[in-house]
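Encoded as structure tokens, the structure appears first; notes follow it.
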Amino acid sequence: MLHAIQEEFGYIPREAEPVIAEALNLSRAEVHGVITFYHDFRREPAGRHVLKICRAEACQSMGSEANAHRLLERLGLDWGGTTADGRITIEAVYCLGLCATAPSALLDGEPVGRLDAASLESLAMEAA
Amino acid sequence: MKIFVPRDMAAVAVGADRVAAAIEAEARARNIPVSIVRNGSRGLFWLEPLVEVTTASGRIGYGPLSEADVPSLFEQRFFDGAPHPKCLGHVDKIPFLARQARFTFGRAGVIDPLSLDDYRHHGGFKGLESALSLGGVGIIAAVKESGLRGRGGAGFPTGIKWETVARTPASQKYIVCNADEGDSGTFADRLIMEADPFMLIEGMTIAGIGVGATKGYIYLRSEYPFAIRMMQQAIGIARHAGYLGASIDGSGAAFDIEVRVGAGAYVCGEETSLLDSLEGKRGQVRAKPPLPAIRGLFGRPTVINNTITLASVSFIMAEGAKAYAEIGYGRSRGTMPVQLAGNVKFGGLFECAFGVTLGELVNDIGGGTHSGRPVRAVQAGGPLGAYFPPALFDTPYDYEAFAKKDGLIGHGGLVVFDDTVDMAKMARFAMKFCAIESCGKCTPCRIGAVRGTETFDKIIAGIEPERNLALVRDLCETMKFGSLCALGGFTPYPVLSALDHFPEDFATPPLRHAAE
């Protein structure tokens with residue numbers, strides 16, 4: 001249900017909480033608790049594009065952290081941040097199961113592997 | 001003529017879709033009739049995108065390809081298996097593949113994952129047939145005889161778990177497949193679901209018949225969008241063909257499966273937190289007992305097994321428990337799909353009998369590092385597994401042997417690091433990861449991991465390193481013995497192994513500088 005709401009709106013609006021609680025006969029606190037427990041559910045709208053960069057060990061062994069920090073610096077963002085023009089959101093993800101073609105990322109659900117600093121940057125900058 | 005281009009998520013990540021499109025366009029331009037089969041991956045990821053063609057003498061591979069290679073492939077008539085700079089010869093004879101014992105992954109990359117005919121043609125549903133004729137008692141006896149242990153990481157004997165569920169009376173029982181493969185460096189579950197989804201359906205159905213459960217759930221992580229689509233399609237096809245539903249294959253036994261998608265919480269790979277998540281709650285760990293086998297999903301007796309475990313059952317029932325138990329090492333019977341990942345030259349899935357040494361896996365099979373620099377550390381068993389130095393490379397791959405070296409096999413992942421790795425940073429990361437992913441139920445994990453991260457920050461900054469290192473060791477004791485589940489309980493493995501095997505990385509900054 002929460003997945004479906006996020007699919008529709010891109011995030012889970014605060015106003016949805018009492019509606020879900022009512023429909024499922026739960027307290028609003030329970031619904032709020034579930035939404036905030038999971039990393040996937042956003043409380044704010046994301047940018048037009050979402051780039052999820054893997055930060056787990058296998059990608060780290062291939063230099064993912066340095067590449068990611070360079071990109072975040074260039075965009076002036078922290079993890080989870082969205083550019084001021086609403087173009088792109090950069091999120092952390094812990095393992096995409098693409099550990100033999102590391103470092104990897106997911107741009108709007110499409111997987112990309114064997115990234116280096118330059119290709120990660122062009123991936124993020126060219127998504128219009 | 002048939003051309004195989006993988007649809008696997010890792011293959012697509014390195015351009016398999018573009019290669020498939022280029023082959024299609026080139027074939028059309030040259031007026032050559034081809035049919036492109038989107039198979040799963042063989043698990044030889046350093047060769048992806050790996051394209052295969054069928055010839056009279058077997059399948060010939062080409063890789064790693066990019067769309068730029070496609071015109072010359074057609075020029076050389078690759079579709080007849082002709083030589084080309086990217087030609088790899090017979091795929092079955094590539095040493096990495098030829099050296100494996102592909103029990104569970106025999107069909108991976110060979111078949112069209114959504115073709116029931118392909119599946120049946122390659123031995124599919126043979127296990128189900130034999131299970132239906134054996135019945136519940138016979139199935140459980142066979143699984144026990146095979147010596148199969150849970151492949152999620154805990155290594156608990158599968159047959160005993162099933163027997164407990166079978167013996168617990170209830171009006172409704174469940175089979176839950178744990179496909180929340182969150183460990184870094186692992187992709188075996190993903191490969192099963194993307195390359196051979198009917199095998200998992202078959203394994204879960206056998207489990208259902210074995211314990212008297214009529215409903216199964218696959219808890220699948222949201223980070224695996226390809227596997228989610230594939231499993232949903234495969235379940236629809238199986239249901240339509242009568243392999244799921246009110247009467248499986250006309251036997252009168254009922255079983256059906258539903259996919260439930262996770263939401264990015266690592267801890268939900270822990271079985272009791274997975275069950276809470278499946279029930280629509282926060283994925284918080286439950287205290288055991290009661291065991292899930294007695295009171296599991298919605299309070300009912302539940303078999304909860306890892307994807308590899310359930311998939312292995314298809315092989316065991318098809319080929320016999322003996323064939324499986326015959327190979328292995330000590331109490332670790334059968335095969336393990338070892339996943340070579342990270343900074344490794346030949347990264348991929350290597351299914352073999354237990355007993356091979358860690359060094360053989362990393363150096364002989366994995367070919368050492370991708371960077372060409374010396375191997376410094378290997379993390380075995382995911383983010384909660386120990387870092388092994390090359391000095392311990394003679395350790396045989398076996399649950400007990402790894403435990404003796406204060407490590408674990410876990411879900412079969414091996415992440416290789418070269419000599420540029422900073423082990424103090426990796427130890428800090430282990431604590432940080434635990435802090436991010438803690439479900440918050442027990443104190444040692446929720447608070448301990450946060451304090452552990454802070455203490456490592458002090459150590460890295462050179463603030464009272466000796467005192468703070470002693471503090472970290474003490475904290476690890478508390479987490480190890482005081483945590484409710486493996487997240488807090490096993491975080492000490494990577495931390496302590498980093499401290500014990502790589503002490504030079506934790507020295508104060510001036511010393512570290514001198515050591516370099």
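As a basis for the values below, the full set of heavy atoms in this structure was taken, side chains included, without hydrogen atoms, waters or symmetry mates. Order of the sequence lines sets the chain letters (A, B, ...), proteins ahead of strands, with each chain counted from 1.
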(message) Looking at Tyr38(A) and Gly283(B), would you say the former's side chain and the latter's main chain have a donor-acceptor pair under 3.5 Å?
(response) yes
(message) Closer than 3.5 angstrom, by distance alone: can the side chain of Ser184(B) be matched with the main-chain N or O of Ala58(A) as a donor-acceptor pair?
(response) yes
Surrounding [atom1] of [X] (heavy atoms of other residues, nucleotides or ligands, distance under 6.0 Å), is the total greater than 12?
{"X": "His370(B)", "atom1": "NE2", "value": "no"}
{"X": "Arg74(A)", "atom1": "CZ", "value": "no"}
{"X": "Glu22(A)", "atom1": "CD", "value": "no"}
{"X": "Glu44(A)", "atom1": "CD", "value": "no"}

Of all heavy-atom pairs between [X] and [Y], which one has the smallest distance, and what is that distance?
{"X": "Ser61(A)", "Y": "Gly342(B)", "answer": "OG-CA, 3.1 Å"}
{"X": "Cys95(A)", "Y": "Gly185(B)", "answer": "SG-N, 4.2 Å"}
{"X": "Phe45(B)", "Y": "Ala100(A)", "answer": "CB-CB, 3.6 Å"}
{"X": "His3(A)", "Y": "Val261(B)", "answer": "NE2-O, 3.2 Å"}
{"X": "Pro225(B)", "Y": "Gly109(A)", "answer": "CG-O, 4.3 Å"}

Segment of [X] engaging chain A (4.5 angstrom heavy-atom cut-off):
{"X": "Pro383(B)", "result": "both"}
{"X": "Val421(B)", "result": "neither"}
{"X": "Leu414(B)", "result": "neither"}
{"X": "Val267(B)", "result": "side chain"}
{"X": "Asp189(B)", "result": "neither"}

Just so I understand: if I count every heavy-atom pair under 4.5 Å between each of [options] and chain A, which residue has the most?
{"options": "Gly262(B), Gly15(B), Gly182(B), Ser371(B)", "result": "Gly262(B)"}
{"options": "Cys439(B), Gly440(B), Gly264(B), Ala430(B)", "result": "Gly264(B)"}
{"options": "Thr369(B), Leu340(B), Val14(B)", "result": "Val14(B)"}
{"options": "Lys425(B), Glu181(B), Glu48(B)", "result": "Glu48(B)"}
{"options": "Phe226(B), Trp46(B), Phe429(B)", "result": "Phe429(B)"}

(request) Run the numbers on Tyr266(B) and Tyr94(A) for ring pair (Phe, Tyr, Trp, His ring centres under 6.0 Å), then give the verdict. (result) CA-CA 8 Å; Tyr266(B) 175 77; Tyr94(A) 292 91; 8.9 Å; no
Rounded to the nearest 0.5 Å, how far apart are [atom1] of [X] and [atom2] of [Y]?
{"X": "Ser104(A)", "Y": "Met9(B)", "atom1": "OG", "atom2": "CE", "answer": "7.5 Å"}
{"X": "Asp418(B)", "Y": "Met62(A)", "atom1": "CG", "atom2": "CE", "answer": "9.0 Å"}
{"X": "Leu98(A)", "Y": "Glu223(B)", "atom1": "CG", "atom2": "CD", "answer": "11.0 Å"}
{"X": "Lys281(B)", "Y": "Glu30(A)", "atom1": "NZ", "atom2": "CD", "answer": "9.5 Å"}
{"X": "Lys52(A)", "Y": "Ser222(B)", "atom1": "NZ", "atom2": "OG", "answer": "6.0 Å"}
{"X": "Phe37(A)", "Y": "Gln284(B)", "atom1": "CZ", "atom2": "CD", "answer": "6.0 Å"}

Should [X] and [Y] count as side-chain neighbours, where that means a heavy-atom distance under 4.5 Å?
{"X": "Val415(B)", "Y": "Gln60(A)", "value": "no"}
{"X": "Glu57(A)", "Y": "Phe417(B)", "value": "yes"}
{"X": "Leu96(A)", "Y": "Arg190(B)", "value": "no"}

(message) Counting only non-hydrogen atoms closer than 4.5 Å, can you tell me which residues of residues 111-125 of chain A sit against chain B?
(response) Pro111(A), Val112(A), Gly113(A), Arg114(A)
(message) Given heavy-atom pairs under 4.5 angstrom as the criterion, report whether the side chain, backbone, both or neither of Ser64(A) touches chain B.
(response) neither
(request) Could you look at Leu106(A) and say if it's the side chain, the backbone, both or neither that has a heavy atom under 4.5 Å from chain B? (result) side chain
